[in-house]
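Some notes on the structure that comes next.
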Number of protein chains: 2
Amino acid sequence: MHDGTPSSQTPAADVTERLGYRLKRAAAALRSAMDRALREYGLTVPQYACLELLDQRPGLSNAELARGTFVTRQSMNVVLRGLQDAGLITRPATTDRGRALPAHLTKEGHRRLAAARSAVYAIDQRMTDAVPEQRLAEILADLDHMAAALDG
Amino acid sequence: MHDGTPSSQTPAADVTERLGYRLKRAAAALRSAMDRALREYGLTVPQYACLELLDQRPGLSNAELARGTFVTRQSMNVVLRGLQDAGLITRPATTDRGRALPAHLTKEGHRRLAAARSAVYAIDQRMTDAVPEQRLAEILADLDHMAAALDG
DNA sequence: CTTTTCATGTCAGGACTTTGACATACACGG
DNA sequence: CCGTGTATGTCAAAGTCCTGACATGAAAAG
């Protein structure tokens, strides 16, 4: 090598040694584990993500929820309708100010979220425990930098 | 706290500070960037992943490719048919030994992969450059451990 | 005030992925 | 030889997600 390129990393010949592959693998494992766990509670992963976000920040609109869960407005629209039909959230049909319709958890929504949350937390913890404790903060920061470098 | 649980990490109150959220965020950014880049070459992410895997290990069967790209056999079946219709891979209609049908890249498949590869590599490199160089190996290992802890 | 720009909600269509199911092919132990 | 178990390829149906498009409401610019 020694070609003076800014990135001195030698590009891994094997695809499985590249960051993208590993990231995809870990994310697929997480998605799969969450799917399995949430099925017992009658929720899908996007539905759970939506409930969780809505619990922390009540009154979020469809578009805001979509950005917060990394899906399109259209996808979130479907998710919200499903949650609404299931009676887990409420959303006003109209609004005075603007077009954004603020969503809120119902009592049943809070119950369902609380039940599912423990299962999801257990998965997250299993994953967290799999890495050296003192490196967790670094990993969180690195994942952040990776994401920022890509959507920039 | 001080409850004596094996995991001494304090569970982050904010969802966005948990490993699962960050992992999902980074993976979503990667997926999005790859989608954008690959569209110029007429490929989807699963199609590209399939071609890449098939280039490194020619003769893989549908089921083996599915496992290697973290999708179901059924999904990979659709992908393979698409690639076959596009003339990027070939697959025998029958086989003497077993049921597995070994797939191979066509000349056009190699060409298309070579073209798309540079774009994907650039994305991977952008992501790799976003983290401290001396920590790359650790991150790769940690992602591996996380995945292993979940599908175990 | 009018026009432009932007964000939002929604519809339509298509692509992708999954679960569930079935049939085929091989390996093993009876 | 025959049943069991495992692995594979495929079909069908449903759910999920995306791109593209359109209309509405608000804010900014002219």
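In what follows, every chain begins at residue 1, and chains take the letters A, B, ... in the order their sequences are listed.
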Would you check, one step at a time, whether the test side-chain contact (heavy atoms from CB on, under 4.5 Å) holds for Arg73(A) with Met76(A)?
CA-CA 5 Å; Arg73(A) 281 174 314 192; Met76(A) 182 51 69; 5.7 Å; no

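Whole-Å rounding puts the Arg91(B) CZ to dG9(D) P distance at 7 Å. Spacing between atom CG of Leu80(A) and atom C1' of dC11(C) amounts to 16 Å, rounded to whole angstrom units. One interatomic measurement links the two molecules: CE of Met34(B) to P of dC16(C), which rounds to 14 Å at whole-angstrom precision. Atom CG in Leu65(A) sits roughly 15 Å away from atom C1' in dA7(C) (whole-Å rounding). Summarising the geometry, the separation between CZ on Arg36(A) and C1' on dT19(C) is reported as 14 Å, rounded to the nearest angstrom. Rounded to whole Å, atom P of dT19(D) lies 7 Å from atom CG of Asp35(B). Lys24(A) places its NZ atom 13 Å from the P atom of dC16(C), with the value rounded to the nearest Å. Going from atom CE of Met76(B) over to atom P of dT10(D) covers 13 Å, rounded to whole Å.
An OP1 or OP2 oxygen of dC18(D) is reached within less than 4.0 angstrom by no side-chain nitrogen or oxygen of Arg39(B). In this structure, Ser75(B) does not reach the dC16(C) phosphate: none of its side-chain N or O atoms is under 4.0 Å from OP1 or OP2. Within the 4.0 Å cut-off from OP1 or OP2 of dG9(D), not a single side-chain nitrogen or oxygen of Asn77(B) is found. Checking the phosphate oxygens (OP1, OP2) of dT8(C), no side-chain nitrogen or oxygen of Asn62(A) falls inside 4.0 Å. For dT19(C), neither phosphate oxygen OP1 nor OP2 lies less than 4.0 angstrom from any side-chain nitrogen or oxygen of Thr72(B).
With no hydrogens or angles considered, no side-chain donor-acceptor pair links Arg99(B) and Thr95(B) at under 3.5 Å. For Gln125(A) and Tyr121(A), the side-chain atoms include no donor-acceptor pair closer than 3.5 Å.
In the set dT8(C), dT19(D), dG9(D), dG9(D) carries the atom at the smallest distance from any side-chain atom of Leu101(B). Across dC16(C), dC11(C), dA21(C), the shortest atom-to-atom separation from the side chain of Gln74(A) is found for dC11(C). If you check dT8(D), dC17(D), dT8(C) against the side chain of Ser61(B), the one that comes closest is dT8(D). Checked against dT8(C), dT17(C), dT19(D), the side chain of Pro46(B) finds its nearest nucleotide in dT17(C).
Remark: side-chain polar atoms of Arg91(A) are not paired, donor with acceptor, to backbone N or O of Ala103(A) under 3.5 angstrom.
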Below 3.5 Å between N/O atoms, which protein atoms pair up with nucleotides 24-26 of chain C? Just atom names and distances, please.
residue: dT24(C); atom: O2; partner: Arg99(B); partner atom: NH1; Å: 3.1
residue: dC26(C); atom: OP1; partner: Asp96(B); partner atom: O; Å: 3.2
residue: dC26(C); atom: OP1; partner: Gly98(B); partner atom: N; Å: 2.9

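Across all strands, Arg67(A) comes closer than 4.0 Å only to sugar-phosphate atoms, never to a base (heavy-atom distances).
Between the CG atom in Leu23(B) and the CG atom in Leu23(A) there is a gap of 6.0 Å [rounded to 0.5 Å]. Put simply, CG on Leu51(B) and CG on Leu83(B) are 5.0 Å apart, with the number rounded to the nearest 0.5 Å.
Few gaps surround CZ on Arg135(B); more than 12 heavy atoms of other groups in view lie less than 6.0 Å from it.
Ion pairing between a basic and an acidic side chain is recognised when a charged N comes within 4.0 Å of a carboxylate O; Asp35(A) and Arg31(A) show such pairing.
Toward the 5' end of DNA chain C, the nearer of the two residues Arg73(A) and Phe70(B), judged by each one's closest nucleotide, is Arg73(A). Between Val79(A) and Arg81(B), the one whose closest nucleotide on DNA chain D sits nearer the 5' end is Arg81(B).
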